[in-house]
Engineer: 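Quick one: the structure is below, questions incoming.
Atom set for the values below is all heavy atoms of this structure, side chains included, hydrogens, waters and symmetry mates excluded. Sequence positions, counted from 1, serve as the residue numbers for this chain.
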Amino acid sequence: MKTNNYTPQPIDTATINLPQELEPLVELMAKNVHEVWAAGRIADGWTYGATRDDVEKTHPCLVPYEELPESEKEYDRNTAIGTLKFILAQGFTINK
């Protein structure tokens, strides 16, 4: 029997503060995170459904980002924020 000894070790970004000018980028990235997720699901045969059903491949979040519940948008924003903080923690800069 194989045991799972994997322990995730993400880069600590707790001390990284995002500059205020990146806030619009967070929302753009969050929307794109959703678009990439939705495109992947649709490519795998998933469709919109009022409830998630892994057998029927239906999901209630297969809607435009703007129609997502705030809790789902927050999940995508947190992914974007985590990515931006990682970039900054690695010493990169973000310029427009």
Engineer: Between E72 and R77, does any NZ, NE, NH1 or NH2 come within less than 4.0 Å of an OD or OE carboxylate oxygen?
Structural biologist: no
Engineer: Quick one: are P19 and I94 in side-chain contact, heavy atoms under 4.5 Å?
Structural biologist: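 Side chain of P19 against side chain of I94, heavy atoms only: no contact under 4.5 Å found.
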Engineer: State which residue, out of N78, T79, T83, fulfils the side-chain contact (heavy atoms from CB on, under 4.5 Å) condition with V33.
Structural biologist: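 It is T79; the other options fail the test.
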Engineer: Closest heavy-atom contact between A50 and P60?
Structural biologist: O-CB, 3.6 Å
Engineer: Is I81 reachable from L68 through a run of I, L, V, M, F, W or Y residues, each pair having side-chain heavy atoms under 4.5 Å apart?
Structural biologist: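 They do not share one cluster, since no chain of ILVMFWY contacts under 4.5 Å joins L68 to I81.
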Engineer: Verify side chain to side chain contact (heavy atoms under 4.5 Å, CB included) between F92 and L84, making sure each step is shown before the conclusion.
Structural biologist: CA-CA 10 Å; F92 290 91; L84 290 169; over 6 Å; no
Engineer: Give the minimum heavy-atom separation between K57 and D44, together with the two atoms involved.
Structural biologist: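 What the structure gives for the nearest pair is NZ-O, 2.8 Å.
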Engineer: Between K85 and L18, is there a side-chain heavy-atom distance shorter than 4.5 Å?
Structural biologist: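 Sidechains of K85 and L18: in contact.
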Engineer: Within the 4.5 Å heavy-atom criterion, are N32 and M29 side-chain neighbours or not?
Structural biologist: no
Engineer: Could you tell me whether the side chain of T58 reaches within less than 4.5 Å of the side chain of Y48, counting heavy atoms only?
Structural biologist: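 SC-SC contact between Y48 and T58 ruled out.
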Engineer: Do the charged groups of E66 and K73 touch, with an N to O distance under 4.0 Å?
Structural biologist: no
Engineer: What is the minimum heavy-atom distance between W37 and C61, and which atoms define it?
Structural biologist: CZ3-O, 3.6 Å
Engineer: Considering only heavy atoms from C-beta outward, does the side chain of R41 approach that of L62 to under 4.5 Å?
Structural biologist: yes
Engineer: Is it the case that over 12 heavy atoms from other parts of the model lie below 6.0 angstrom from the CD atom of Q20?
Structural biologist: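 For Q20, atom CD is not crowded (no more than 12 foreign heavy atoms under 6.0 Å).
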Engineer: Indicate whether the side chain of E27 and that of Y65 have a donor and an acceptor atom separated by less than 3.5 Å.
Structural biologist: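 Checked: E27/Y65 side chains pair up, N/O donor to acceptor below 3.5 Å.
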Engineer: Using only atom types and a distance under 3.5 Å, with no angle test, would you say the side chain of H34 pairs donor to acceptor with the backbone of V63?
Structural biologist: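 Checked: pair present.
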Engineer: Which pair of non-hydrogen atoms, one from T93 and one from N95, has the smallest distance, and what is that distance?
Structural biologist: OG1-ND2, 3.5 Å
Engineer: Roughly how far apart are D76 CG and E35 CD, rounded to 0.5 Å?
Structural biologist: 10.0 Å
Engineer: If you look at every heavy atom in A30 and A80, which pair is closest and at what distance?
Structural biologist: N-CB, 3.9 Å
Engineer: Is any side-chain heavy atom of T47 closer than 4.5 Å to a side-chain heavy atom of I42?
Structural biologist: no
Engineer: Decide yes or no for T15 and T13: does some side-chain heavy atom of the first lie under 4.5 Å from some side-chain heavy atom of the second?
Structural biologist: no
